[in-house]
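Following: one structure in structure tokens, then a few remarks.
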Amino acid sequence: MSHGFRLSGHRNCPTPTAQSPENRQIRASDANNSKELPSETNGGRYDAVSMIGGNEESLPTDGTATAPDGEQHTGSGLQAERARRSAQIDDIRAAGGEPYPYRFDRSDSLSEIRSRHSDLKAGSDTDDRVSVAGRVMLARDSGKLIFLNIRDRSDEIQLFVSKAVIGDDGFANVKSLDLGDWVGVTGNIMTTRKGELSVRVTECQLLSKAVRPLPDKWHGLSDVDTRFRQRYADLIVNDDARRHFEIRHAIISSFRQTLAGEGFIEVETPVLHVEAGGAHARPFVTHHNTLDMQLYLRIALELHLKRLIVGGMERVFEIGRIFRNEGISTRHNPEFTMMELYQAFADWTDVMDITERLITNAARDAIGSTMLSIRDENVDLADPWPRIQMIDAASEAIGTEIHPSMPRDALTDIATKNDVRVAPQWLPGKIIEAIFEAHCEADIVRPTFITGHPVDISPLSRVHRNDPCLTERFELFVDGRELANGYSELNDPVEQRARFEDEQSAKEAGDLERGTVDEDYLRALEYGMPPTGGLGIGMDRVAMLIAGVDSIREVVLFPTLRPEVMTDES
RNA sequence: GCGCCUCUAGCUCAAUGGCAGAGCAGCGGGCUUUUAACCCGUUGGUUCAGGGUUCGACCCCCUGGGGGCGCACCA
């Protein structure tokens, strides 16, 4: 850690400056900012020179800076830049200022100001005095006039800083701001000659000093590794990154609204499971110390939620993180967010309907339209979504009729002729699914329900009322990706036990993703579960669809990555 | 896990076997209506790491590491 910076005196209490008279002044002005006092708007409480407390103590002007560790740094480079800014912090403190004040009274968000003054003509002045806060994103210095662009969560605005208005000391302090610093300013709304909406700054307070420089102001951050590892920097400089997560938020919010409107109750069920059931996937294993027992992170929400249907809750849903110990790709993150719902007295057709409503509403709420462009095809989510049987799609793709009632050997032959490798333990339904995945899945562009999955790959689904080899199950595919999975829920405890036992023997035969017999779940079913429709939607993939991105990492804030090797230069 | 691609200044990118460069950011100077401001000057490099080939390596080869994409895995 030869280049490690330690700000002196800030690890101990009291700090060396805590006893100084200047510091007591700062404390007093902090009190002026505190919530307990009557909150008058503005009122000149922000000293125009509060950054260095009125003292004309100036920064080194020869381009060198002394880091707190005493090492001299010249020129640029990350370490030199951090040293220069750290030295600025020390100077502010030495002059009795506070580079990291406690709070700031903001009168408006930037978007509020922008909408209030949307019709202001070029070259206008107003009586609208505001206090706004944001991060300095751009700066243009023309001698006795400085233009800064600051940004808050809602928007950006220009600060118009005139030496004649703010005074020499205040002007020098604004000049010493770096891109990335947070500031709070007070002033009147105006427009420049070119019509740019601005705040004519009379007071400027540093709210937080950035010690590390921002990525390129124009190109932003494009190195994907850095973007994901330093998501904070990505969010600061990349508009798209912020937009993707706004969309994600709007989608989840929209789902909650749609579900609340249809009488669903949001619940939370355990993440730590004794048995990881409800899906075919390899789980993460963990351990509880006091109970001294092995636990699994959940791979699905299903079995707990259906226990609640047994309990009579009728309509429940959960939006929660699930974990699957499998490969990572543009479509898979080891932890991801699933929405599952269960509705008593409904069957799979009701569930397909609500799937369309949820996703169409989400698009409308998140991007204001149901029109999407998928692989250069214009898709209106509001159009009805086709419903195609899996066996029909697969049969058509290979030009041969297939059905799970056919002898396994015949299906194996057909699969092999169509370049699908068949594993020895696969049952007929699994072979059909493999043919579908190899020959149909990737070609599906617009939202399409694939229905009627074979019984042997659907241990929790109810048998199709018209075909004993199939189930009343569907999966939703869009752009070659599976987004949702739902079915008429199997509620016969005797049949469910038989299906679980088939799962267990497959697992014991070496198929690690298969399930086990969940005795407590069977006990629940014995109390009687009403006819029920259930649904699971991968929220990350819905967000990918609506945001129009090809990688799940664009809609997961902190995707799973290998640990970074930290160096002095990081 | 396998294959292909990639890693150069804080950021974005050049340099294809012959002196490691530019723009932005930074630093110094100028400019009172700019807006990716502009103008003049200027600092900054373990070219991911280690090894090899060569008179000479960012460049070619080997090993390792990070990342991306594809495959595999993944109802």
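When reading the values below, keep in mind they use all heavy atoms of this one structure, side chains included, and skip hydrogens, waters and symmetry mates.
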**Prompt:** Does any nucleotide pair with G26(B) by Watson-Crick or G-U wobble geometry, both distances under 3.5 Å, and what is it?
**Reply:** U42(B)
**Request:** Can you tell me the distance, in whole Å, between the CG atom of Asn333(A) and the P atom of C74(B)?
**Result:** 18 Å
**Message:** Run the side-chain contact (heavy atoms from CB on, under 4.5 Å) test against Val237(A) and tell me which residues pass, sequence neighbours left out.
**Reply:** Leu214(A), Pro215(A), Leu221(A)
**Message:** What is the separation between atom CD1 on Ile552(A) and atom P on C74(B), rounded to the nearest whole Å?
**Reply:** 17 Å
**Message:** Would you say the rings of Phe558(A) and Tyr232(A) are close, in the sense that their centroids are separated by under 6.0 Å?
**Reply:** no
**Prompt:** Considering all heavy atoms of both residues, which atom of Trp182(A) and which atom of Leu206(A) are nearest to each other, and what is their separation?
**Reply:** O-CD1, 3.6 Å
**Residues that His244(A) engages under ring pair (Phe, Tyr, Trp, His ring centres under 6.0 Å), provided they are two or more places apart** = none
**Asked** How far, in whole Å, is A20(B) from G56(B) if one measures between their P atoms?
**Response** 15 Å
**Asked** What interatomic distance, in whole Å, is found between P of G23(B) and the corresponding atom of G44(B)?
**Response** 15 Å
**Atom-pair distance (CG on Asp419(A); P on A72(B)), nearest Å** = 12 Å
**Request:** Using the C1' atom on both, measure G66(B) against U8(B) and round to a whole Å.
**Result:** 16 Å
**Message:** Assess whether a salt bridge exists between Lys306(A) and Glu489(A), defined as any Lys/Arg side-chain N lying under 4.0 Å from an Asp/Glu carboxylate O.
**Reply:** yes
**Asked** Which part of the nucleic acid, if any, lies within contact of Gly486(A), taking any heavy atom under 4.0 Å across all strands shown: a base, the sugar-phosphate backbone alone, or nothing?
**Response** nothing
**Prompt:** For RNA chain B, whose closest nucleotide is more 5', that of Ile457(A) or that of Lys163(A)?
**Reply:** Lys163(A)
**Prompt:** With rounding to whole Å, what would you report as the distance between U54(B) and C59(B) at their C1' atoms?
**Reply:** 13 Å
**Request:** Given salt bridge (charged side-chain N to carboxylate O under 4.0 Å, His left out), test Asp178(A) with Lys209(A) step by step and report yes or no.
**Result:** CA-CA 8 Å; Asp178(A) 286 296; Lys209(A) 185 68 194 174; 2.8 Å; yes
**Message:** Ring centroids only, cut at 6.0 angstrom: are Trp385(A) and Phe449(A) within range, meaning strictly under it?
**Reply:** yes
**Asked** So does Arg331(A) get a side-chain nitrogen or oxygen closer than 4.0 Å to the phosphate oxygens (OP1/OP2) of C74(B)?
**Response** no
**Request:** Starting at atom CZ of Arg193(A), determine the distance to atom C1' of U35(B), rounded to an integer number of angstrom.
**Result:** 15 Å
**Message:** Say we look at C7(B) and G50(B): how far apart would their C1' atoms be, to the nearest angstrom?
**Reply:** 16 Å
**Message:** Between Asp456(A) and Lys430(A) (salt bridge meaning N to carboxylate O under 4.0 Å), is one present in this structure?
**Reply:** no
**Asked** In B/S/- notation, 5' to 3', how is nucleotides 36-42 of chain B contacted by protein heavy atoms closer than 4.0 Å?
**Response** BB-----
**Request:** Sequence neighbours left out, what passes side-chain contact (heavy atoms from CB on, under 4.5 Å) with Val463(A)? Give chain and number order.
**Result:** Val455(A), Glu495(A), Arg499(A)
**Complete:** Minimal heavy-atom distance between Leu197(A) and Ile157(A), with the atoms involved, is O-CG1, 3.7 Å
**Request:** In whole angstrom, give me the gap between the P atoms of G51(B) and U12(B).
**Result:** 28 Å
**Request:** Using the C1' atom on both, measure C19(B) against U32(B) and round to a whole Å.
**Result:** 45 Å
**Message:** Closer than 4.0 angstrom, basic N to acidic O: yes or no for Glu503(A) and Arg514(A)?
**Reply:** yes
**Asked** For Ala279(A), which contact category applies under a 4.0 Å heavy-atom criterion: base, sugar-phosphate, or nothing?
**Response** base
**Message:** So Gly220(A), base contact, sugar-phosphate only, or nothing? Heavy-atom distance under 4.0 Å.
**Reply:** sugar-phosphate
**Request:** In whole angstrom, give the distance that lies between atom CG of Asn325(A) and atom P of C73(B).
**Result:** 16 Å
**Asked** Which nucleotide, in any strand shown, forms a Watson-Crick or G-U wobble pair with C59(B), with both distances under 3.5 Å?
**Response** none
**Item:** Integer-rounded Å distance: G26(B) P and Arg85(A) CZ
**Value:** 7 Å
**Request:** Once you apply the 3.5 Å cut-off to both distances, tell me the Watson-Crick or G-U wobble partner of G21(B), or none.
**Result:** C13(B)
Atom pairs, N/O to N/O, protein against nucleotides 66-68 of chain B, distance under 3.5 Å?
from: G66(B); atom 1: OP1; to: Arg562(A); atom 2: NE; distance (Å): 3.2
from: G66(B); atom 1: O3'; to: Arg229(A); atom 2: NH2; distance (Å): 3.0
from: G66(B); atom 1: O2'; to: Asp225(A); atom 2: OD2; distance (Å): 3.2
from: G67(B); atom 1: OP1; to: Arg229(A); atom 2: NH2; distance (Å): 3.3
from: G67(B); atom 1: OP1; to: Arg562(A); atom 2: N; distance (Å): 3.0
from: G67(B); atom 1: OP2; to: Arg562(A); atom 2: NH1; distance (Å): 3.0
from: G68(B); atom 1: OP1; to: Arg553(A); atom 2: NE; distance (Å): 3.2

**Request:** Looking at every strand, decide which applies to Ser162(A) at a 4.0 Å heavy-atom threshold: base, sugar-phosphate, or nothing.
**Result:** base
**Prompt:** Any side-chain N or O of Ser222(A) less than 4.0 Å from the OP1 or OP2 oxygen of C13(B)?
**Reply:** yes
**Request:** Please work out if Ala233(A) contacts a base, only the sugar-phosphate, or nothing of the nucleic acid, heavy-atom cut-off 4.0 Å.
**Result:** nothing
**Prompt:** How close or far is atom C1' of U35(B) from atom CD1 of Ile146(A), stated in whole angstroms?
**Reply:** 14 Å
**Prompt:** Taking atom C1' in both U16(B) and C60(B), what distance in whole Å separates the two?
**Reply:** 10 Å
**Asked** Which of the following nucleotides, U32(B), U33(B), C11(B), is nearest to the side chain of Leu221(A)?
**Response** C11(B)
**Fill in**
By nearest-nucleotide position on RNA chain B, the 5'-leaning member of Thr226(A) and Asp178(A) is Thr226(A)
**Message:** Can you measure Leu78(A) atom CG to C24(B) atom C1' for me and round it to whole angstrom units?
**Reply:** 16 Å
**Item:** Watson-Crick/G-U partner (both atom distances under 3.5 Å) of C2(B)
**Value:** G70(B)
**Request:** Look at the side chain of Glu196(A) against the base of U33(B) and say whether a donor-acceptor pair falls under 3.5 Å; ignore hydrogens and angles.
**Result:** no
**Fill in**
Quick note, salt bridge (charged side-chain N to carboxylate O under 4.0 Å, His left out) partners involving residues 324-335 of chain A, not counting sequence neighbours, are Arg321(A)-Glu335(A)
